[in-house]
There are 4 protein chains.
Amino acid sequence: MLEGNRGTGVAARRSATRRVPRQERSRRRVEQILDAASRLVLERGVDALTTRAIAEAADVPVASLYQYFHDKEDILLALVERDRAEMDEQLLADLAGIDELSLPALVETAMRAFTKVYARRPAFVEIWLRGRDNPAIRERGREHSVEIASNLLQFAEAAGLLSHDVPPKIALLAVEVGERVFQLAYAQDLEGDQELVEEGIRMVSGYLAPYSR
Amino acid sequence: MLEGNRGTGVAARRSATRRVPRQERSRRRVEQILDAASRLVLERGVDALTTRAIAEAADVPVASLYQYFHDKEDILLALVERDRAEMDEQLLADLAGIDELSLPALVETAMRAFTKVYARRPAFVEIWLRGRDNPAIRERGREHSVEIASNLLQFAEAAGLLSHDVPPKIALLAVEVGERVFQLAYAQDLEGDQELVEEGIRMVSGYLAPYSR
Amino acid sequence: MLEGNRGTGVAARRSATRRVPRQERSRRRVEQILDAASRLVLERGVDALTTRAIAEAADVPVASLYQYFHDKEDILLALVERDRAEMDEQLLADLAGIDELSLPALVETAMRAFTKVYARRPAFVEIWLRGRDNPAIRERGREHSVEIASNLLQFAEAAGLLSHDVPPKIALLAVEVGERVFQLAYAQDLEGDQELVEEGIRMVSGYLAPYSR
Amino acid sequence: MLEGNRGTGVAARRSATRRVPRQERSRRRVEQILDAASRLVLERGVDALTTRAIAEAADVPVASLYQYFHDKEDILLALVERDRAEMDEQLLADLAGIDELSLPALVETAMRAFTKVYARRPAFVEIWLRGRDNPAIRERGREHSVEIASNLLQFAEAAGLLSHDVPPKIALLAVEVGERVFQLAYAQDLEGDQELVEEGIRMVSGYLAPYSR
DNA sequence: CATGAATGAGGTTTCATTCAT
DNA sequence: AATGAATGAAACCTCATTCAT
């Protein structure tokens with residue numbers, strides 16, 4: 001599930017031995033910026049993510065942003081990438097922990113994995129679900145859905161859960177519908193309406209049932 | 001399913017005998033502006049909807065926009081309102097034409113009604129589904145989904161299609177999921193992937209089946 | 001004390017016998033507009049005097065303003081002229097009513113005459129004292145002070161109140177200082193601080209005393 | 001007589017060894033802008049003080065104004081503050097240089113101190129006396145008069161020049177009348193009519209005489 | 001005469017990015 | 001590497017005035 005340094009316009013070029021080596025300081029600064037950006041997105045929406053605002057929130061000069069990122073879009077993408085990676089990890093870990101594999105179990109596990117990440121990283125909700133107006137995010141979001149769908153499909157096939165060939169399109173539909181369920185469930189507050197999540201799990205499970213072996 | 005002239009800052013006030021009466025000319029101009037805005041949203045997204053861009057596309061001075069609309073948001077809302085009204089009409093008409101009422105038939109009819117509107121008004125997809133970043137649109141979009149869900153629920157209850165009380169939340173979830181299906185189906189091209197639409201109809205029907213009488 | 005139709009870009013052109021003759025209707029409309037403008041200036045200052053605001057307040061189409069006035073400045077000037085005329089009348093009337101003529105009595109009578117007008121026409125304070133930023137008003141204000149100074153000087157000379165020739169400049173200074181006294185006295189509230197007015201009368205009287213016969 | 005860096009949105013932060021240090025260059029630019037603004041106000045009045053006009057006159061991009069000032073009002077206030085500070089300094093210096101203290105000497109010295117500043121900074125006349133329409137300036141102007149009146153009163157009391165308690169209102173009236181004298185004296189040309197100034201000094205002195213010890 | 005409609009000109013402010021140091 | 005300063009471009013909106021009817 002790819003490693004994703006796309007979006008980071010900075011190359012680690014390190015030089016010598018210092019107390020706090022360049023590379024390390026740089027990494028910290030990047031985190032500092034991304035954290036600030038994350039906070040901003042969460043609090044005020046994607047549109048409020050101006051360079052000035054990020055810089056202020058991160059307590060970094062505006063010009064310095066361009067030391068670590070190529071442009072504003074780059075920051076946004078890096079932000080997304082960071083959360084996305086965490087999402088993938090969580091998904092992978094939870095899938096590995098399933099006791100009795102079945103298609104419904106797969107669906108439920110995946111969806112619950114996402115809710116865990118949402119709980120930890122509320123900015124994700126904001127960006128992923130509401131920030132879709134931004135072309136870069138929209139594009140990246142679509143890609144990610146495709147990836148997840150593909151990965152889950154592969155996983156299910158490998159585990160012998162499917163009765164026959166399932167077109168990628170179907171898997172993608174399931175993933176995207178799942179996302180919308182989250183969108184609705186997390187629209188009101190950032191805790192998420194768990195009842196709706198349950199309904200969503202039922203819907204997607206039910207939809208995929210015919211493909212189950 | 002209200003008529004919705006909200007968002008139109010122009011009032012039809014006088015009439016008179018003229019070749020092209022004032023009122024008429026005014027209406028035309030409003031359409032001209034909305035069409036242009038619609039085109040822009042479709043081509044470049046909601047963020048590209050600047051007053052300047054609209055004015056240029058509509059071949060109208062920027063200042064003239066403010067003859068017909070109170071501010072930029074007003075334009076956006078009028079745009080939405082126009083499509084929304086058409087959607088409601090189509091839905092109403094098609095529901096009235098159903099032969100054998102049943103919950104699945106209801107779902108299918110409703111979803112197909114929407115596809116008809118999408119075909120006629122592609123900008124709708126863009127605004128409704130992708131323009132959600134804009135606070136005004138987001139708010140209005142949410143309202144509309146609630147309305148549709150509520151109307152369909154009432155319709156189904158009145159027709160005795162439901163076995164027991166269905167919480168509004170469930171209906172809303174179904175509507176929103178339906179929207180996402182369309183989003184995906186219409187993502188690639190504006191003709192819409194009909195296969196995906198069929199899948200979506202199956203998914204939503206299946207989901208609601210337990211509530212069917 | 002001049003007649004002052006300057007500023008009124010409208011010519012009375014009347015035509016025939018009607019219930020409410022043109023001329024009359026026109027005059028009414030002009031008053032209506034001036035009253036509205038007066039109100040606006042009073043409430044929101046000279047800068048808020050936009051054509052749109054005037055039109056709205058007067059319940060008259062914006063375009064119609066141009067039937068009665070040449071341009072916006074014309075309205076402002078007409079406004080000033082109206083109050084100015086009233087001021088002159090009051091001054092004249094009160095001067096005529098003085099029992100025992102003397103220079104101090106003249107000063108006191110004049111200043112009290114102005115306070116009467118201020119009480120009746122609070123917009124005057126706003127325009128005359130605060131609206132000086134507007135070049136037209138500034139110019140007109142200067143003219144008016146010169147007129148008043150000249151008239152009072154003539155009056156005093158005719159009444160044999162002066163011991164010797166008083167340069168116009170001196171009279172003007174006295175008038176302008178008097179105005180500033182009012183400015184200060186009426187700065188806080190529109191009722192005017194009468195104590196300050198008394199002080200002002202004493203100051204100006206004292207200043208002119210050396211010229212008294 | 002505070003030092004008044006209010007209105008200056010720029011903070012001097014660092015310094016270093018450079019031919020023309022940052023700080024210095026910044027200060028110059030601020031002066032450049034204020035000088036341009038001053039010129040504009042003088043030539044065309046406060047209303048002509050648009051950001052565009054200032055930028056043009058200062059030969060600086062409009063956007064750069066916002067490097068040094070928070071908004072347009074900030075420029076105006078900085079302008080006022082600059083002149084105001086100079087006025088206070090002059091007043092203080094001249095008061096300190098009085099040989100034989102007396103109330104008339106105090107009045108004369110103060111008024112002559114102002115004429116010195118007017119001679120050096122003609123824009124002051126424009127802003128202070130004619131720009132009062134602007135709310136920010138009006139407010140600041142009022143404050144300043146109160147300050148000067150209060151300071152002079154204190155000074156006179158400390159020097160034992162007053163026979164009994166003089167209400168602040170009286171001092172304020174004297175100061176404001178003095179200002180109007182200047183307004184008139186400097187109305188025609190910027191050299192100022194010295195004869196009128198003399199008259200003004202006499203008037204104010206005479207007015208305050210009763211309070212003299 | 002009356003006026004709805006139209007508009008060129010201009011208003012202030014913010015933005016993302018680059019540059020000189 | 002770091003950053004204060006600089007800025008072209010663009011954002012939305014309002015204004016006074018004119019014109020066609």
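The shown structure was predicted, so the numbers you read here are calculated from the model rather than taken from an experiment. Each chain gets a letter, A, B and so on, in the order the sequences are listed, and its residues count up from 1.
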**Prompt:** Are OP1 or OP2 of dT7(F) and a side-chain N or O of S64(D) less than 4.0 angstrom apart?
**Reply:** yes

**Asked** Taking only side-chain nitrogens and oxygens of R52(C), does any of them come within less than 4.0 Å of OP1 or OP2 of dT14(F)?
**Response** no

**Request:** Quick one: label V62(A) by what it contacts on the DNA or RNA (base, sugar-phosphate, nothing), any heavy atom closer than 4.0 Å.
**Result:** base

**Item:** Closest-nucleotide ordering on DNA chain E, the 5'-leading residue of P61(C) and L49(A)
**Value:** P61(C)

**Residue whose nearest DNA chain E nucleotide is more 5′ - A63(C) or A63(A)** = A63(C)

**Prompt:** Touch check for T50(C), heavy atoms < 4.0 angstrom, all strands: base, sugar-phosphate only, or nothing?
**Reply:** sugar-phosphate

**Message:** If I take atom NZ in residue K72(B) and atom C1' in nucleotide dC12(F), what distance separates them, rounded to the nearest angstrom?
**Reply:** 8 Å

**Message:** Looking at Y66(B), I'd like to know whether one of its side-chain N or O atoms comes within less than 4.0 Å of OP1 or OP2 on dA5(E).
**Reply:** no

**Prompt:** Which residue lies toward the 5' end of DNA chain F, A53(B) or L65(D), if each is placed at its nearest nucleotide?
**Reply:** L65(D)

**Request:** Identify, between V60(A) and D71(C), the residue whose nearest nucleotide on DNA chain F lies closer to the 5' end.
**Result:** V60(A)

**Item:** Rounded interatomic separation in angstrom, taking CZ from R44(A) and P from dT14(E)
**Value:** 13 Å

**Residues E31(C), R28(C): salt bridge by 4.0 Å N-O rule** = no

**Message:** For a side chain to side chain contact (heavy atoms under 4.5 Å, CB included) check, start with the C-alpha distance between Y68(C) and V60(C), then their side-chain angles and the critical distance, and finish with the verdict.
**Reply:** CA-CA 11 Å; Y68(C) 306 103; V60(C) 156; 5.7 Å; no

**Message:** Output the rounded distance in Å from CD1 (I54(A)) to C1' (dT14(E)).
**Reply:** 15 Å

**Asked** Which heavy atom of A58(D) sits nearest a heavy atom of I33(D), and at what distance?
**Response** CB-CA, 4.0 Å

**Touch class at under 4.0 angstrom, heavy-atom based, for R29(B) against every strand present** = sugar-phosphate

**Request:** Carefully, step by step, assess L76(B) and K72(B) under the rule side chain to side chain contact (heavy atoms under 4.5 Å, CB included).
**Result:** CA-CA 7 Å; L76(B) 213 50; K72(B) 206 187 75 164; 5.9 Å; no

**Message:** Just the rounded figure in Å: distance from P of dT3(E) to CD1 of I33(C).
**Reply:** 10 Å

**Asked** Ion pair present between D35(D) and R82(D), side-chain N to carboxylate O less than 4.0 angstrom?
**Response** yes

**Message:** Output the rounded distance in Å from CG (D47(C)) to C1' (dT14(F)).
**Reply:** 14 Å

**Prompt:** Whole Å only: how far is the CZ atom of F69(A) from the C1' atom of dA2(F)?
**Reply:** 16 Å

**Asked** Do D74(D) and Y66(D) have side-chain heavy atoms sitting under 4.5 Å apart?
**Response** no

**Message:** What is the distance, to the nearest angstrom, from the CD atom on Q32(D) to the C1' atom on dA5(F)?
**Reply:** 14 Å

**Fill in**
Rounding to 0.5 Å, atoms CG (L79(B)) and CD1 (I54(B)) come to a distance of 8.5 Å

**Message:** Within this structure, what is the CZ-CZ distance for the pair R39(C) and R44(C), rounded to the nearest 0.5 Å?
**Reply:** 10.5 Å

**Fill in**
Taken to the nearest whole Å, CG/L76(B) to C1'/dA11(F) is 16 Å

**Prompt:** Under the 3.5 Å rule, do the base of dA2(E) and the side chain of Q67(C) count as making a donor-acceptor pair?
**Reply:** yes

**Asked** Nearest to the side chain of T51(C) - dA16(F), dG8(E), dA16(E)?
**Response** dA16(F)

**Prompt:** Under a cut-off of 3.5 Å for both distances of each Watson-Crick or G-U pair, what dot-bracket string does DNA chain F give, using [ ] for crossing pairs and | for inter-strand pairs?
**Reply:** .||||||||||||||||||||

